Structure formats: C-alpha cells, structure tokens
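Structure first, commentary second.
Order of the sequence lines fixes the chain letters, A, B, ..., with proteins taken first and strands second; residue numbering starts at 1 for each chain. In this text, all values refer to a predicted model and were calculated from it rather than measured experimentally. Hydrogens, waters and symmetry mates play no part in the numbers below; they use all other heavy atoms, side chains included.
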Amino acid sequence: MKSQFRIYNTLSRQKEDFEPLNPPFAGLYVCGPTVYSSPHLGHARVNIVFDVLYRYLKQLGFRVRYVRNITDVGHLENEEADTGEDKISKKARQEHLEPMEIVQKYMNSFHRNMKELNTLEPDIEPRATGHIIEQQQLISRLLEAGIAYESNSSVYFDVNKYNEEHDYGALSGRVLEDLMSNTRELEGQDEKRNVYDFALWKKASPGHIMKWPSPWSVGFPGWHLECSAMSMKYLGEPFDIHGGGMDLIFPHHECEIAQSTAALHRQPVKYWVHNNMITINGQKMARSLGNFITLDELWSGDHEMLERAYEPMTIRFFILQAHYRSTLDFSNEALQAAEKGFKRMMEAIDKLDALKTGDKSTIDVDDLSGKAYAAMNDDLNTPVMISHLFDGVRMINSVFDGNEKISAEDLGKLKDLYGTMVFDILGLKKPGKAGADTGLTAGLIETLLELRRQARDNKDFATSDRIRDRLTELGVTIKDTKEGTDWTL
RNA sequence: GGUCGGUUGGCCGAGUGGCUAGGCACCGGUCUGCAAAACCGGGUACAGCGGUUCGACUCCGCUACCGACCUCCA
C-alpha cells in the first residue's frame, strides 16, 4: 500500500518517481558552504531540507551516500572580472589570519551549528583544496575534448561550442542568445572568447596566496569545477541526486552540467533538487544583501530583528512547516507560533507512554499513518505531514482525557509512527532539560510542589498560589492534572 | 529589459475543479478552588476584472502588486 516516492526535478520541471540508477544504492550530493563567514538561517534551510531527504531515503530502505562539500578555495567575489577576489583570501586579509585559519574557523562553526540543528553528518565531506588534482584532471579531459581553451595561462570553458551539441540553459531555462545580450560587459574579460565563458583554471595574480602548480600556470580552480570533480569522484558518472539552493541554479549548476556533460558525453545527474529561499520582509535573506541573521544570533537573541532567543529545534520545526520549494518568510511572530506548535506536539508525544489502552480503538491510526507517508512521498511535503501529525496530537490528547479509546495494538502503531516521523525523518528532538542540570533542581521543585499540594488540600489557596506564582517567575511551568502536578522548565 | 515564480483568513503556511488543511492568535463552552494545560464549539480566505464550466480559490486570458535569477549568494 506504500505509494511511490516522488520528487520534483528542476531539470524536467515536474515531479518524477524516484528510481535510483543502481538500487538499492542512492547517491546524494549537496553544495555545501563557502567557509568565509558564520552560517545563517539560509544555510539552516538547505541543510535541514536535504537532511530530511537523506533521512527519508534511508527510511525507504535505500543505501544512501550523502556527499556535501566544503568550498575552501576558488569562490570569487566577482567571478568574471579581474578585480574578483577570493572570498576566503579577502576575509583572511581583513581578519589578519591565514586563509586556512579562516577556513578552519568557519568550518568549525558550520559543523557546530549543523549539529545543534540535529542534522546528520554527510558520509563524505570533501574539500576543494583536497581535490586540486581531480579538478586538474577534469580540465585536461575538457581540453582534450576540445571544449575548453587556454588563454593567457588560464583555462576557460567554451560555452558556444558546447551549445552546438548540447543545450546550455537546460536547467535554468535560459537561452544562450538572451544571455549574450544580457550578460554584463566587465573589465578584464579580454582573455575570454565570450562573456559567458567561465573559468576552469585561473592564473594567480601577484600576491595571490592560495595557488597551486598546474600545466597551465600557478593558479587556482574555478568555483564551478570543484562540485563536478568531487561529485563524480565519490558518487559516480552519472549519479542520482544533486541538491542546493535555488540561487545556485544559474550559473553554478548550469555550469556544472555543462562541464560534466562535456566530459562524460551524457547527463551527469538524474535528479536536480532545489530548495527555495528564506525571506525577510519579503526579500531574500543573504550575506551579500546584509539582511541575514546568523544561527548563533538566533540562539542568543542578539540581533536587532530578534525579539528574543530561539532554540535550534524551533528553527528546524519552523523550516519544516513550509514546503521546501516555497519561500519562507521570517518573523518573530512566525517563529513563536512554530515554537508553541512544536511544544504542543512534544507534550503529546510525552503522553503516549501514559495512555490507557482498551479493547477497541475509536480512532483510526492506520489512516493517519497512511496519510503521513503519502505526504512525504509527494515531493517531501513536510507541512502536510505535520498537519496530519497534529490531527494525531488531538487524538492522543482525547484518549488521554478519556474522550476516545485506543487498543494496545494501535497504541504500538501510534508510538511507532511518531518515533519514525518526528524523530527519525523530521530529525526533531526533545528539548534538553535545560536548567535541570542536576537532580537538585528537580528535587527542590518536587518538594515545593508537595508543600503546595498540602496547602491545596487544606484549602489554603493563598499559600498554594504563592508557590505557583514564585515558581512561574523562576521559569517553572506548573500543570495540574488528575494524576497530580506536572512541571516543566 | 529578458526569463521564471508568487499574490490564500489577524500572522505563518498547505491544498484541491464541487467535499475540514494544519499551527499560532482570537471568541464561547467543559474541566479546575482559581489559573495553566487539555477537550468541545465558533468566525473571518483564496489580489482585481473577464472567460471556459452545471459548478473555479483551483483551468485560460488580461491588469495590478511582490519576489527570484540574469554579478557573489543556501
């Protein structure tokens, strides 16, 4: 009864059945960060989206190899012009550090943030500087194929020539003639045959720090090259899924397709998957626009746009409550709504162990489960899946309150469903008992609640309310239930 | 200017040619010593104008507004 998993392919502009090239294996490559500054909300989105894809493919039984690169060289501020400076070199100069110190620093914070967001580590995390040889080999292949040319000791990709046999623009929906008339003329492009030709290898200018020897010059690889070289090295020629943010479709992924197709004489990737952007006041959030919020700022609340701090799991839930191909607008209000909803769901899950079972169920767990999987199979529709889980939350609460009944068998299924969907696939986790660092805190609270219970038994509500109010002030929330008093920090 | 996408109720955000998205907020009720939580119930929606259709928020066209890409960006 399991429906087929379908995913939207940017290349075909439609949802397609997911059928890997070599089942049960599935290869997934995602463009990782250029490590020159702190990860922001946008990085959270891509990596959470593809983390969920990775988790879901594994759940479906595929043996997945997840490769996510670290760009630590070659990413220029202005790709086409001579004035373009390597982002990492520039940052190194600004912070008076070695380029590799910059790389290490921001790679570390990226890893820390991803761990905080509970994303699984990729199986392979290749770095561009560790694959200079592979990139040079790919350049050689392209030169031999006559699709690349050397000019003034740099090597460029001949887009015009490529387009004679292939379709440059297939992914982004662009037409070469349009690009010709629309691409900006920039300084220092004399080396290239055409403005839209892109660099495979660039000769290092005097003073350039990050450089390597090559048959053409002492220099460095072009940005688009690393992903082609590393994805094919670790996932094969061709491979299954290539992911990234929508903003990478052009030129980055278009160029990747061109390079790889020219080298392979066939399409390098079966499914191209792209997530949409996070917006802020309707505008894209990006480092280059200066309107971004870093993840550390979210955790601390230290940003002028933040009313207060937010937990990593709130961010994760917030992101998953929107479909990955829609834009998602940031606001404090939306974040706080996500936070409350997430809390409600977690509290319902906590109640699962306390549910009393009966002979027959008055709720339909199989139906709920079927709907949840159907939503995931429909292009990873996490918001709809979550809406079904909330229907389930109402069921759980109703059973808890004695308004509905559940059989032992169905309860088992329900626990299984939430365990799989919420923790394994959505990758959410229960908030740590922050503050309850030792048994001491818990013991003190329990003692006060015991005193409050006595006061209530004696109808001394002034005392019982005072205890409750004081605990509330300290951040302890009290919930009176039939079974006694529950508390959370 | 070119290409593509969007416009859903107070906010976020799904979806469908006719049948409840969901979350948060709000209102009423049940429960409770009171409150919180939970449960039950409630209301407001599909940018505008035409067209197709028995019927459109959903398809088509036009208009308005917003955004993305065309430089680097997740």
Taking only the side-chain nitrogens and oxygens of [X], find out if one of them lies under 4.0 Å from OP1 or OP2 of [N].
{"X": "Arg394(A)", "N": "C40(B)", "value": "yes"}
{"X": "Ser326(A)", "N": "A14(B)", "value": "yes"}
{"X": "Arg468(A)", "N": "A35(B)", "value": "no"}
{"X": "Asn381(A)", "N": "G15(B)", "value": "yes"}
{"X": "Arg344(A)", "N": "A37(B)", "value": "no"}
{"X": "Lys340(A)", "N": "A25(B)", "value": "yes"}
{"X": "Arg456(A)", "N": "A35(B)", "value": "no"}

Note to self: Centroid separation under 6.0 Å, is that true for the rings of Tyr310(A) and Phe318(A)?
What the structure shows: no
Base, sugar-phosphate, or nothing: which does [X] touch, judged by heavy atoms less than 4.0 Å apart?
{"X": "Gly42(A)", "value": "base"}
{"X": "Thr477(A)", "value": "nothing"}
{"X": "Gln283(A)", "value": "sugar-phosphate"}
{"X": "Ile249(A)", "value": "nothing"}
{"X": "His40(A)", "value": "base"}
{"X": "Pro251(A)", "value": "sugar-phosphate"}
{"X": "Ala286(A)", "value": "base"}

Rounding to an integer number of Å, can you tell me how far [X] [atom1] sits from [N] [atom2]?
{"X": "Leu335(A)", "N": "A25(B)", "atom1": "CG", "atom2": "P", "result": "14 Å"}
{"X": "Glu333(A)", "N": "G23(B)", "atom1": "CD", "atom2": "C1'", "result": "12 Å"}
{"X": "Gln321(A)", "N": "G15(B)", "atom1": "CD", "atom2": "C1'", "result": "16 Å"}
{"X": "Leu320(A)", "N": "A14(B)", "atom1": "CG", "atom2": "C1'", "result": "14 Å"}
{"X": "Glu347(A)", "N": "A37(B)", "atom1": "CD", "atom2": "C1'", "result": "8 Å"}
{"X": "Met285(A)", "N": "A68(B)", "atom1": "CE", "atom2": "C1'", "result": "15 Å"}
{"X": "Asp480(A)", "N": "C34(B)", "atom1": "CG", "atom2": "C1'", "result": "10 Å"}
{"X": "Phe250(A)", "N": "C69(B)", "atom1": "CZ", "atom2": "C1'", "result": "9 Å"}

What nucleotide, of [options], holds the atom closest to the side chain of [X]?
{"X": "Asn397(A)", "options": "C40(B), A38(B), G10(B)", "answer": "A38(B)"}
{"X": "Phe461(A)", "options": "A74(B), A14(B), G33(B)", "answer": "G33(B)"}
{"X": "Asp329(A)", "options": "A38(B), C12(B), G33(B)", "answer": "C12(B)"}
{"X": "Trp223(A)", "options": "C72(B), G23(B), A74(B)", "answer": "C72(B)"}
{"X": "Arg174(A)", "options": "C34(B), C69(B), A38(B)", "answer": "C69(B)"}
{"X": "Ser387(A)", "options": "G13(B), C72(B), A21(B)", "answer": "A21(B)"}

Check: Is Arg287(A) close enough and on-axis enough to Tyr36(A), meaning under 6.0 Å and within 45°, for cation-pi?
Finding: yes
Notebook entry, point to check: Relative to each other, are the rings of Tyr54(A) and Tyr66(A) parallel, tilted or perpendicular (30° and 60° limits)?
Noted result: tilted
Notebook entry, point to check: Would you call the rings of His40(A) and His43(A) parallel, tilted or perpendicular, where under 30° means parallel and over 60° means perpendicular?
Noted result: tilted
Tell which nucleotide pairs with [N], taking only Watson-Crick or G-U wobble pairs whose two distances are both under 3.5 angstrom.
{"N": "A14(B)", "result": "none"}
{"N": "G67(B)", "result": "C4(B)"}
{"N": "U20(B)", "result": "none"}
{"N": "C57(B)", "result": "none"}
{"N": "A45(B)", "result": "none"}

If the [atom1] atom of [N] is compared with that of [M], how far apart are they to the nearest Å?
{"N": "A68(B)", "M": "C72(B)", "atom1": "C1'", "answer": "15 Å"}
{"N": "C46(B)", "M": "C11(B)", "atom1": "C1'", "answer": "16 Å"}
{"N": "C12(B)", "M": "G18(B)", "atom1": "C1'", "answer": "28 Å"}
{"N": "G51(B)", "M": "A56(B)", "atom1": "C1'", "answer": "12 Å"}
{"N": "G6(B)", "M": "G41(B)", "atom1": "C1'", "answer": "35 Å"}
{"N": "U53(B)", "M": "C60(B)", "atom1": "C1'", "answer": "12 Å"}
{"N": "A14(B)", "M": "C4(B)", "atom1": "C1'", "answer": "22 Å"}
{"N": "G50(B)", "M": "G43(B)", "atom1": "P", "answer": "29 Å"}

Notebook entry, point to check: Taking for each residue the nucleotide of RNA chain B with the nearest heavy atom, is it Met246(A) or Lys343(A) whose nucleotide lies nearer the 5' end?
Noted result: Lys343(A)
Notebook entry, point to check: For RNA chain B, whose closest nucleotide is more 5', that of Asn403(A) or that of Lys459(A)?
Noted result: Lys459(A)
Check: With respect to His224(A), which candidate in Phe198(A), Tyr156(A), Phe157(A) satisfies the ring pair (Phe, Tyr, Trp, His ring centres under 6.0 Å) definition?
Finding: Phe198(A)
Next item on the list: Rounded to the nearest 0.5 Å, what's the gap from CD1 on Ile478(A) to CH2 on Trp487(A)? Could you check?
Entry: 10.5 Å
Margin query: A side-chain contact here means heavy atoms from C-beta on lying under 4.5 Å apart; do Asn118(A) and Pro312(A) qualify?
Written below: no
Next item on the list: Flag the pair Asp465(A) and Arg468(A) as a salt bridge only when some basic side-chain nitrogen lies within less than 4.0 angstrom of an acidic carboxylate oxygen.
Entry: yes
Note to self: Does this structure show an ion pair linking Asp480(A) with Arg452(A), if we count only N-O contacts that are shorter than 4.0 Å?
What the structure shows: yes
